[in-house]
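These numbers come from a predicted model, not from an experiment. We name chains A, B, ... by the order of the sequence lines, and we start the count at 1 in each one. What's counted below: heavy atoms across the whole structure, side chains too, no hydrogens, waters or symmetry copies.
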Amino acid sequence: MHNIKEIRNDIESFTKSIKKRYIDLDIEEIILLDENNRKFIQKKESLEKEKKDISKSKNKSLFEKSKKISIEIEKISKLQLLAKIKLDNILSSIPNIPHNDVPIGKDENSNVEISKSGEIAEFNFNPKSHYKLGEDLDMLDFDLATKTTGSRFVFVKDKLALLERALSNFMLDTHIINNGYKEVSPPLIATADTMFGTGQLPKFENDQFELKLEDSPERKFLIPTAEVILTNTVKNQIIERKNLPMRLVASTPCFRKEAGSYGKDTKGMIRQHQFYKVEMVSIVEQDQCLNELERMTDCATKILDLLKLPYRKIILCSGDMGFSAEKTFDIEVWLPSESKYREISSCSSCSSFQARRMKARYKNENRETVFVGTLNGSGLAIGRTLIAIMENYQQSDGSIIVPDILRSYMNNIEKINKN
RNA sequence: GGAGAGAUGGCUGAGCGGUUGAAAGCACCGGUCUUGAAAACCGGCGUGGGGGCAACUCCAUCCUGGGUUCGAAUCCCAGUCUCUCCGCCA
């Protein structure tokens, strides 16, 4: 959420910055609504003052007049509220402004590779896709999921289910023990207000699974990522500086409609309506955002290092970043069956963009109350890590070697074989 | 699900129709004292918004939304949440 005061004070630089996002924005309308809103506020407040003075005077002869003023106030309030709602609707649908470090570009073609890591394995046979491997092992069942639930779901069974569980524990342990994150097991359902805080609402309502609630005007949603619920733990709060940075990690299912991606990645587990993800969230002092982003991204890549999976790190360009982000690193893991890198983690700094929406603040060193900085990153997406392990560790006979680091989490089995 | 109690500033907590934006304490900040610290004493200290270059000023805000009244933290109605007790249940 942007500060209308800042926009008003420097319309030109705001317009220039937001252009980097390649969105349509009617700045004239914003300015007009803002002016109207303030005009009505002034009118309303001068009437309120008048009314207050009458009431203070306790002069009975003026009481009748006061009643009339009340009616007038009500009329103007309605107009003011209308302008304010319209203005807020527009403001709350404008994405965050990209940081200066961020390359300018319209879509993923302008993303920039920063580094590559790990050895890409040579296969002396044709590497299979994860879904072929999984189906042959009888440990991934997409048809069964279609029968019970619908498309874009999967049954993970047997040793692959164990692998999935092991990954969750391994990642959590690493972030808790080595990276200073505090484990949280959060609710998987969030209120509309919470969804607004991190930027899922109002603009991305179509991507969310909403629960059907009887007899209640309240709206509730399945979380699309633990970022939503973890970041909002500080909403409507003034945090003590000594408690910053706050680092939280959770392993949760995530639910996404994937609207607008029909026909994309329909085969296999790449794009599902439900998947597990280990999510890191940091709440920091504003000026620490970029340092924390580097740190968080390292926490994510460390997992891939330990799993010995090849990956690359890229920085997203201005047009490809998520709504709330000012700067984002994506980590992409190598998938032999596709001979390309696929996203497995996304780490973003949201500056104070979400904090403003959530009203999450802290007292800085000058004892001023200011908005915190928020960051989130996957560490990592479990489903996609499962895929990457299957494909990169596959053998010619269709079995899958268990990475060393995971064996203690998997009853010390070394290989996943067909039963 | 049933029955009660409650929701006030960063925290604790008074107020229960008319300078109450709100006592008091704690915390915090500044100062005096002290070699330094503590203690003691003095002063300051909520949030959001509007106007103004500024000094400053105005409005809102005592869970949320309605209502009564010239006037509401205080009265009425609805809702949300929290706590206690009972019931049911993983």
Side-chain angles (χ1 to χ4, degrees), chain A residues 1-11 30-92 185-197 201 210-211 213-221 229 232-246 253 283 285-286 352-372:
Chain A
M1 188 84 157
H2 296 286
N3 186 347
I4 182 66
K5 264 189 199 166
E6 282 169 22
I7 297 177
R8 188 195 302 150
N9 285 342
D10 196 348
I11 299 171
I30 293 174
I31 298 306
L32 189 73
L33 283 169
D34 176 45
E35 277 172 5
N36 275 335
N37 180 41
R38 284 183 297 148
K39 198 179 71 196
F40 288 132
I41 287 174
Q42 285 168 41
K43 249 193 213 168
K44 188 180 78 173
E45 288 189 350
S46 74
L47 287 171
E48 273 165 350
K49 170 96 171 86
E50 203 176 330
K51 199 176 131 177
K52 212 174 191 177
D53 289 340
I54 291 174
S55 154
K56 263 186 192 161
S57 76
K58 299 185 198 172
N59 182 345
K60 279 192 181 164
S61 65
L62 293 171
F63 288 174
E64 209 41 47
K65 188 180 175 195
S66 175
K67 274 187 173 179
K68 278 184 192 147
I69 294 175
S70 294
I71 295 166
E72 188 64 18
I73 288 176
E74 203 171 323
K75 262 201 291 196
I76 295 169
S77 290
K78 270 183 188 155
L79 291 171
Q80 187 262 325
L81 202 66
L82 222 67
K84 173 87 168 111
I85 287 172
K86 250 180 156 172
L87 180 63
D88 280 349
N89 275 343
I90 296 174
L91 288 178
S92 59
S185 174
L188 305 179
I189 293 173
T191 59
D193 182 55
T194 295
M195 296 285 277
F196 178 86
L201 294 182
E210 181 170 2
L211 300 175
L213 299 176
E214 308 287 342
D215 309 320
S216 173
E218 210 187 351
R219 305 180 69 191
K220 291 194 171 159
F221 299 83
I229 202 90
N232 273 283
T233 55
V234 296
K235 126 176 124 175
N236 294 327
Q237 213 184 309
I238 298 175
I239 303 156
E240 292 200 45
R241 194 162 89 102
K242 63 174 192 223
N243 292 331
L244 298 177
M246 264 171 78
I283 313 293
E285 295 190 57
Q286 269 181 9
S352 56
F353 184 83
Q354 292 179 323
R356 198 180 292 282
R357 295 170 85 94
M358 295 189 299
K359 298 185 177 58
R361 293 158 297 174
Y362 75 105
K363 294 246 190 240
N364 70 9
E365 57 206 336
N366 303 322
R367 300 200 41 79
E368 299 157 324
T369 308
V370 294
F371 291 107
V372 296

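One interatomic measurement links the two molecules: NZ of A/Lys235 to C1' of B/U47, which rounds to 18 Å at whole-angstrom precision. At whole-Å resolution of the value, CG in A/Asn36 and P in B/G50 are 15 Å apart. In this structure, the CG atom of A/Asn236 is 14 Å from the C1' atom of B/C81, given to the nearest Å. For the pair A/Glu64 CD and B/C70 P, the interatomic distance rounds to 8 Å; values are reported in whole Å. At whole-Å resolution of the value, CG in A/Asn9 and P in B/G51 are 10 Å apart. Atom pair A/Met1:CE and B/G48:C1' shows a separation of 13 Å (rounding to whole Å applied). Summarising the geometry, the separation between NZ on A/Lys5 and P on B/G51 is reported as 8 Å, rounded to the nearest angstrom. Atom-to-atom, CD1 of A/Ile41 to C1' of B/A60 comes out at 10 Å; the value is rounded to the nearest Å.
Here B/C85 sits opposite B/G2 as a Watson-Crick or G-U wobble pair (both hydrogen-bonding atom distances under 3.5 Å). Within the shown strands, B/U32 is the pairing partner of B/A40 under the Watson-Crick or G-U definition, both distances less than 3.5 Å. Figure legend. B/G18 is base-paired to B/C70; pairs are counted as Watson-Crick or G-U wobble with both atom distances under 3.5 Å. Across all strands shown, the partner of B/C63 is B/G79, judged by Watson-Crick or G-U wobble contacts whose two distances both fall under 3.5 Å. Taking a pair to require two hydrogen-bonding distances under 3.5 Å in either a Watson-Crick or a G-U wobble arrangement, B/U12 pairs with B/A24.
Counting non-hydrogen atoms under 4.0 angstrom, A/Lys67 reaches the backbone sugars and phosphates but no base. If you check every strand for non-hydrogen atoms under 4.0 Å, A/Ser66 touches sugar and phosphate atoms only. When heavy atoms are screened at a 4.0 angstrom cut-off, A/Lys51 is found touching the sugar-phosphate backbone but no base atom. Residue contacts shown for A/Arg8 are limited to sugar-phosphate atoms, with no base heavy atom under 4.0 Å away. Residue contacts shown for A/Arg241 are absent, as no nucleic acid heavy atom lies under 4.0 Å away. Counting non-hydrogen atoms under 4.0 angstrom, A/Ser46 reaches nothing in the nucleic acid. Contacts of A/Lys39 with the nucleic acid, taken as non-hydrogen atoms under 4.0 Å apart, are absent.
Between A/Lys65 and A/Glu50 a salt bridge is recorded (basic side-chain N to carboxylate O distance below 4.0 Å). Classification of A/Glu48 and A/Lys51 as a salt-bridged pair fails, no side-chain N sitting under 4.0 Å from a carboxylate O. The pair A/Glu210-A/Lys220 does not count as a salt bridge, with every side-chain nitrogen at least 4.0 angstrom from each carboxylate oxygen.
Within a 6.0 Å radius of NZ in A/Lys84, other residues, nucleotides and ligands contribute 12 heavy atoms or fewer.
Taking only side-chain nitrogens and oxygens, A/Arg38 never comes nearer than 4.0 Å to OP1 or OP2 of B/G49. Using a 4.0 Å cut-off, no side-chain N or O of A/Thr369 falls inside it from OP1 or OP2 of B/G46.
Side-chain contact, A/Asp193 with A/Thr191: no donor N or O sits under 3.5 Å from an acceptor N or O.
The two residues A/Ile239 and A/Leu244 have their closest heavy-atom pair at CG2-CD2, 4.0 Å.
Only the C1' atoms considered, B/C70 is 34 Å distant from B/A55, to the nearest whole Å. Remark: the separation of the C1' atoms in B/G52 and B/C58 is 11 Å, to the nearest Å. Across B/G46 and B/A23, the matching P atoms stand 10 Å from one another, rounded to whole Å. Distance noted for atom P between B/U61 and B/G21: 11 Å (whole Å). Of the P atoms belonging to B/C16 and B/G31, the separation is 39 Å, rounded to the nearest Å. Atom P of B/C76 sits at a distance of 24 Å from the matching atom of B/U20, rounded to the whole Å. Using atom C1' as the reference point in both B/C59 and B/A7, the two lie 26 Å apart (nearest Å). Spacing between B/A22 and B/G17 at atom C1', rounded to whole Å, works out to 15 Å.
Judged by distance alone, with hydrogens and angles left aside, A/Glu45 brings a side-chain donor or acceptor within reach of the base of B/G49, the pair sitting under 3.5 Å.
Comparing A/Glu74 and A/Ser70 along RNA chain B, the residue whose closest nucleotide (by nearest heavy atom) sits nearer the 5' end is A/Glu74. The residue among A/Gln42 and A/Lys52 whose nearest nucleotide of RNA chain B is located toward the 5' end is A/Gln42.
Side-chain contact between A/Leu188 and A/Ile229 is absent, with no heavy atoms from C-beta onward closer than 4.5 Å. Counting heavy atoms from C-beta on, the side chains of A/Arg8 and A/Glu35 never come closer than 4.5 Å.
Considering only side-chain atoms of A/Ser55, the nucleotide from B/C70, B/U47, B/C59 that sits closest is B/C70.
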